[in-house]
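Structure record follows, encoded as structure tokens.
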Amino acid sequence: MKYDKEEKGIVDAYEKGKMTLSTPTRKEIEAIKATARKTLIKNKRITIRLYDHDYQGIQKKAIEMGIPYQTLISGLIHRYIEGDLISKVG
């Protein structure tokens, strides 16, 4: 398995006994499960109108990525909202 620099540091520290794994408490497990449920639920449906050129481009990119085009659009919106994508002004 390939690790990035940070992951390799963690694995090395664990293997050298500098880190130990802890068992999460029942409360921590429930919090993780609740977060996962909230993250995975898509409960809003929207309708948008696109230029044909943009629609074709989105479909092409989605095919290249091997995902449905709706998933691509949803991911782009999510990344923009989270600040991972920025808009060019001017």
Side-chain angles (χ1 to χ4, degrees):
M1 179 176 253
K2 281 191 169 185
Y3 298 110
D4 66 22
K5 189 175 182 178
E6 180 182 9
E7 293 167 333
K8 184 159 178 23
I10 293 168
V11 170
D12 289 344
Y14 175 74
E15 289 174 349
K16 292 176 183 175
K18 294 179 182 178
M19 293 177 68
T20 58
L21 297 177
S22 63
T23 303
T25 65
R26 188 176 299 251
K27 186 176 180 179
E28 289 171 327
I29 291 172
E30 289 306 316
I32 292 166
K33 286 180 180 179
T35 300
R37 278 192 292 274
K38 290 178 186 175
T39 300
L40 298 175
I41 294 174
K42 292 182 181 179
N43 59 357
K44 297 294 179 195
R45 179 181 294 265
I46 65 169
T47 301
I48 60 173
R49 295 191 179 276
L50 300 172
Y51 293 110
D52 185 60
H53 174 77
D54 293 338
Y55 178 72
Q56 297 297 327
I58 288 170
Q59 285 192 319
K60 181 180 176 186
K61 291 286 185 187
I63 289 169
E64 290 171 3
M65 296 172 73
I67 60 174
Y69 73 93
Q70 297 96 329
T71 302
L72 176 58
I73 293 169
S74 177
L76 289 169
I77 292 169
H78 178 75
R79 288 177 58 200
Y80 180 76
I81 296 302
E82 294 297 317
D84 295 333
L85 299 176
I86 55 172
S87 60
K88 293 180 183 178
V89 179

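Numbering starts at 1 and runs along the sequence shown. Values reported hereafter were calculated over all heavy atoms of this structure, with side chains retained and with hydrogens, waters and symmetry mates removed.
Annotation for Leu76 and Leu85: closest pair O-CD1, 3.6 Å, computed over non-hydrogen atoms.
Between atom CD1 of residue Ile58 and atom CD of residue Gln56 there is a gap of 10.0 Å, rounded to the nearest 0.5 Å. Taken to the nearest 0.5 Å, the CD1 atom of Ile73 stands 16.0 Å off from the NE2 atom of His78.
Between the side chain of Thr71 and the backbone N or O of Ile67 there is no donor-acceptor pair closer than 3.5 Å. Counting only distance, with no hydrogens or angles, the side chain of Glu7 and the backbone of Asp4 share a donor-acceptor pair below 3.5 Å. Panel note: side chain Glu28, backbone Thr25; a donor-acceptor pair is recorded below 3.5 Å.
Within the structure, salt bridge (charged side-chain N to carboxylate O under 4.0 Å, His left out) pairs that include any residue of residues 45-71 do not occur (at least two apart or interchain).
Cluster annotation: Ile46 and Leu50 are assigned to the same hydrophobic cluster (Ile/Leu/Val/Met/Phe/Trp/Tyr, side-chain heavy-atom contacts under 4.5 Å, transitive). The hydrophobic clustering, which links ILVMFWY residues whose side-chain heavy atoms are closer than 4.5 Å, places Ile48 and Tyr51 apart.
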Solution key, residues 14-24 side-chain donor-acceptor pairs under 3.5 Å, sequence neighbours excluded:
none

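Every residue meeting the ring pair (Phe, Tyr, Trp, His ring centres under 6.0 Å) condition with Tyr69, not counting sequence neighbours, appears here in chain and number order: Tyr55.
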